[in-house]
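Let me begin by presenting the structure, written as C-alpha cells, before commenting on it.
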Amino acid sequence: MATQSEIEALYDWVHLFHPLRSGDYADFSCAFFDGNFNQTLAVAQTAKHQWVLDGLRFQPVDRILDVGCGWGPVLNAVRKRGGKALGLTLSSAQARYCAAKGLNVSLQDWKTVRPFTLGVFNGVISIGAFEHFCSMDEYIQGIQDSIYRDFFAFCAQVLPVGGRLFLQTMTWGKEVPDPKRLSLTAPEGTPERILARLNKFYPGSWLPSGKAQIIAAASDYFHFLHSSNGRLDYIETLTRWGNDSGKLLKPFRLPKALWGVARLFPRFCFEADFRVQIESARRNDQQVCFQREIMSHERMFFERT
Ligand SMILES: C[S@@+](CC[C@H](N)C(=O)[O-])C[C@H]1O[C@@H](n2cnc3c(N)ncnc32)[C@H](O)[C@@H]1O
C-alpha cells in the first residue's frame, strides 16, 4: 500500500497547482458526465456528488465517512446537504487545506485506524483512493485480495446493516500487466514504458484487475448493488484538466503558479522519480491508458449485509 511519504510524493506537488486551476474543494478524480460531454467539468463533478449521495440514500442528518478525501469535495457536498462528514487522507497538505475550510478531516491511514474510534456512519464513500491500497510489491506477494478484504472489513465495521458504500476506482483494462515487464527503457509508446512511468507517478500503487475481483473481496460483508463504467468519463475529465491548466497563466493565478514551480525546482534537479512523474503528466500517460483500454474505471455501489 502507498505509504504516507509515497502519497505525499505526488499530492504535495499536485497541491500547488490543482486547487489553483480547478478551484476550491477540487475533485482529483473522474467526474460523472455519464456520456453527456456538453456539461462543464464543474457541473459533472457536482453531478457525481449528487449521484453518489442519492445512491447512498443520503438524508440531511446523515454522517458520512470519506476514505481518501483529497481537497474535500465530498466533505463539502455533504456539508451543503446538511449532513456531517469525516474525511481520511494520507496527505498532510490536503488535511491542512480541508481543516482551513472548516471540514472535519483526519490525517490517518484506514489500515491503522481502529474503526470504533470513528463511530458509526450512515454511508461510506471512497473515490480515487482504492488505487493506492495495494502496491506492486504486494501484488507480486499475492496479498492484493486480502488487502481489499481488509478494506471492506474496515468499512463494514463503521456501517450498520443496510448502510451503503460507494467505491470509485481505476482498474486494469483488457489484461493485468506483468510487473516484471515494466521498464523505463522499454521502447517509447509501449505499455511497458508507459506503465513504468505511471508506477512512479503513483508510487506504491497497483490497480485491481476489475469489477469481479472487487465484488469478490467485498462479498463477506457487502452485497453488490450496481455499477457504472467511467472509462470514457475519465478521458473527458483528463481532457478538461489539461484545458484548465491554461488558467494557471491568467494574471491573478500566474504568480502562485510560478511560486509553485520555483518551490519544485530543487526536486526537479535532484529527484529522478519526480522528473519521471512530470514526464508522465506531460505525456498524458493516464489518458493514453484509458484510450487504449490498458486501464478502465469503475463506480460501484454496495450495501452492508
Ligand atoms: C486521487 S485522491 C482522491 C481524492 C478525492 N476522493 C477526490 O475525489 O478528489 C486519493 C486520496 O486517497 C488518499 N489515500 C490514499 N491511501 C489512503 C489510505 N490508506 N488511507 C487514507 N487515505 C488514503 C490520499 O491521501 C488522497 O486524499
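Please read these numbers as outputs of a predicted model, since none were measured by experiment. In each ligand, atom 1 is the first atom listed, and ligand 1 is the first ligand listed.
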- Query: Would Q108 count as a contact of ligand 1 if the rule is a heavy atom under 4.0 Å away?
  - Reply: yes

- Query: Are R81 and D54 within salt-bridge range, i.e. N to O under 4.0 Å?
  - Reply: yes

- Query: Considering distance alone, does some N or O of F28 sit under 3.5 Å from an N or O of ligand 1?
  - Reply: yes

- Task: I would like to know whether R283 and E188 meet salt bridge (Lys or Arg N to Asp or Glu O under 4.0 Å); could you show each step before the answer?
- Result: CA-CA 11 Å; R283 288 183 177 272; E188 189 49 73; 3.8 Å; yes

- Message: Under 3.5 Å between any N/O of H132 and any N/O of ligand 1: does that happen in this structure?
- Response: no

- Message: Determine whether R57 and E303 satisfy the following criterion, salt bridge (Lys or Arg N to Asp or Glu O under 4.0 Å), listing intermediate values before the conclusion.
- Response: CA-CA 11 Å; R57 297 181 297 198; E303 190 165 283; 3.2 Å; yes

- Query: What protein heavy atom sits nearest atom 10 (C) of ligand 1, and how far away is it?
  - Reply: G128 O, 3.2 Å

- Query: Relative to atom 1 (C) of ligand 1, which among F151, Y11, Y25, F130 owns the nearest non-hydrogen atom?
  - Reply: Y11

- A129 heavy atoms within 4.0 Å reach ligand 1 at atoms 12 (O)

- How far is atom 19 (N) of ligand 1 from its nearest protein heavy atom, and which residue and atom is that? D109 OD1, 2.9 Å

- Message: Judged on heavy-atom distance to atom 7 (C) of ligand 1, which of S29, A26, G70 sits nearest?
- Response: S29

- Contact check, side chains of V67 and F154, non-hydrogen atoms, under 4.5 Å: yes

- re atom 20 (N) of ligand 1, the protein heavy-atom contact at minimum distance is W110 N, 3.3 Å

- Query: Can a non-hydrogen atom of M1 be found less than 4.0 Å from any atom of ligand 1?
  - Reply: yes

- Note on the structure: Closest non-hydrogen contact found for T305 with D220 is OG1-O, 4.3 Å

- Query: Side chains of Y11 and F28: closer than 4.5 Å at any heavy-atom pair?
  - Reply: yes

- Message: Tell me whether the rings of H18 and W71 are parallel (<30°), tilted (30 to 60°) or perpendicular (>60°).
- Response: tilted

- Message: More than 12 heavy atoms of other residues, nucleotides or ligands under 6.0 Å from NZ of K80: yes or no?
- Response: no

- Query: Could a heavy atom of A2 be found less than 4.0 Å from some atom of ligand 1?
  - Reply: no

- Query: Does D66 reach ligand 1 with a nitrogen or oxygen that is under 3.5 Å from one of the ligand's nitrogen or oxygen atoms?
  - Reply: no

- Message: Distance alone, cut at 3.5 Å: any donor-acceptor contact between the side chains of D285 and S280?
- Response: yes

- Query: At a 4.0 Å cut-off, with the gap strictly under it, does some heavy atom of W71 reach an atom of ligand 1?
  - Reply: no

- Query: Would one find more than 12 heavy atoms of other residues, nucleotides or ligands at under 6.0 Å from atom CZ of R253?
  - Reply: yes

- Item | Sub-4.0 Å atoms of ligand 1 with respect to non-hydrogen atoms of S91 | 25 (O)

- Message: Within the supplied structure, the quantity of interest is the number of heavy atoms (other residues, nucleotides, ligands) at a distance under 6.0 Å from R181 CZ; does it exceed 12?
- Response: no

- Does an N or O anywhere in L90 fall below 3.5 Å from an N or O of ligand 1? yes

- Report yes if some N/O of Q94 lies less than 3.5 Å from some N/O of ligand 1; otherwise report no. yes

- Could you tell me whether some N/O pair between G68 and ligand 1 is separated by less than 3.5 angstrom? yes

- Item | Polar atom proximity, I127 to ligand 1 (N or O, under 3.5 Å) | yes

